[in-house]
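What follows is a single structure, written as structure tokens, with notes after it.
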Amino acid sequence: MLLEIKNLSVEYRKAEKVIPALRNVSLFVEKGEMVGLIGESGCGKSTLALALLDLIAPSEGKILSGDILLDGNDLRAKSKDQMRQVRGRDVGIIFQDPFTSLNPVLKIREQLSEAYFAHQPNAERSAAEAELRAALARVKLSDAERILNSYPHQISGGQRQRVLIAMAMLHHPKLLIADEPTTALDVTVQKEILDLLASLQKEFNMTVLLITHHLGIVANYTQKLCVLYAGEVVEEGRTRAVIQNPQHPYTRALLESVPESPFAKTSEARKSRLSTIMGA
Ligand code: ADP
Ligand code: MG
């Protein structure tokens with residue numbers, strides 16, 4: 001098992017108010033698998049990714065309990081310094097918004113170089129340049145010279161997301177976490193990016209945790225699903241089994257909201273059902 005999250009509980013505190021963001025969440029990902037973590041906005045998906053990477057600001061929240069193992073290594077026992085090494089080297093992450101994830105005033109070359117040297121501080125410039133070009137080729141960006149010399153606003157949204165995937169894969173991480181990687185993109189580009197992730201998964205036997213609020217998206221790409229509702233796992237299993245025979249009413253509601261799914265209802269019934277069951 002590459003990733004084992006066991007009974008993870010996380011809470012935030014805001015002005016004396018306690019927000020239990022995750023309650024006893026367990027999630028397992030095997031090597032080479034793409035697992036979908038799905039649920040409505042606010043259900044705790046990003047919190048799980050942030051907790052795994054030790055990125056929850058202590059002033060805002062904390063992990064109350066639980067185990068997080070990556071390839072058998074206990075991530076919760078690691079120091080801040082060790083976790084800096086884990087991030088970007090053992091675990092690559094892509095966030096939702098390719099606009100804000102890239103620095104607008106730095107060329108792509110500088111940003112990729114920075115990510116490269118962060119974990120290869122003694123590498124030669126020429127070796128780094130070769131690695132950046134290889135990384136861009138991996139994500140099927142053929143015009144490397146132009147991309148490297150561009151500022152983020154000079155390339156398309158789809159190209160930006162490819163650059164971020166290339167960046168996340170620079171050090172051949174064991175696990176790639178994609179948190180809503182296509183939410184900010186239009187539909188045709190969404191499909192291109194997901195197809196790319198799927199082909200990378202096959203080509204490099206990558207392990208991917210695909211986080212999304214859109215069940216229609218994950219269904220075609222993932223082998224397993226984990227459905228999160230208000231901070232708790234309400235359903236998990238092989239994607240096909242979950243889709244063909246959803247056990248939890250919330251999963252059924254998510255399926256009904258996918259127009260092409262066999263569970264889809266008329267839009268009015270679907271809307272009212274989702275709106276009553278939705279919530280953080
Ligand atoms: P998702 O990614 O599924 O949309 P999040 O993990 O971002 O959900 O949020 C889960 C819950 O925790 C929500 O109720 C959200 O408002 C709350 N939350 C997230 N981040 C913070 C924070 N830094 N401080 C306080 N509450 C937060
Ligand atoms: Mg989120």
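Numbering of ligands and ligand atoms starts at 1, following listing order. Nothing fancy with the numbering, it's 1 onward along the sequence. Heavy-atom basis, side chains included; hydrogens, waters and symmetry copies ignored.
In terms of N/O distances under 3.5 Å, ligand 1 is approached by G42. Any N or O atom pair closer than 3.5 Å counts here, and E60 shares at least one such pair with ligand 1. Note: an N/O pair closer than 3.5 Å links C43 and ligand 1 by distance alone.
Here the closest non-hydrogen pair linking R125 and F117 is NH2-CE1, 3.7 Å.
Which parts of ligand 1 touch S46 is read off a 4.0 Å heavy-atom cut-off, strictly below it: atoms 1 (P), 2 (O), 6 (O), 7 (O). Listed by atom number, the atoms of ligand 1 under 4.0 Å from S41 heavy atoms are 4 (O).
In summary, K191 and D195 engage in a salt bridge, as defined by a charged side-chain N under 4.0 Å from a carboxylate O. A salt bridge is absent between R138 and E203: the closest approach of a Lys/Arg side-chain nitrogen to an acidic carboxylate oxygen does not fall below 4.0 angstrom. Here R76 does not pair with D54 in a salt bridge; the nearest charged N to carboxylate O distance is not below 4.0 Å. A salt bridge links R109 with E129: the distance from a Lys NZ or Arg NE/NH1/NH2 to an Asp or Glu carboxylate oxygen falls below 4.0 Å.
Not a single heavy atom of G39 sits less than 4.0 Å from an atom of ligand 1. Under a 4.0 angstrom heavy-atom cut-off, G61 registers as lying outside contact with ligand 1. A heavy-atom separation below 4.0 Å is found between E40 and ligand 1.
Checking S41 against the Mg ion (ligand 2), every N/O/S atom stays at or beyond the 2.8 Å cut-off.
Contact annotation: for T47 versus ligand 1, heavy atoms closer than 4.0 Å belong to both the backbone and the side chain. By the criterion of a heavy-atom distance under 4.0 Å, neither the backbone nor the side chain of R13 is placed next to ligand 1.
Looking at heavy atoms from C-beta onward, R133 lies in side-chain contact with L148 at the 4.5 angstrom threshold. At least one side-chain heavy atom of L164 sits less than 4.5 Å from a side-chain heavy atom of S101.
Ring geometry, Y250 versus H248: the interplanar angle exceeds 60°, so the pair is classed perpendicular (tilted spans 30 to 60°).
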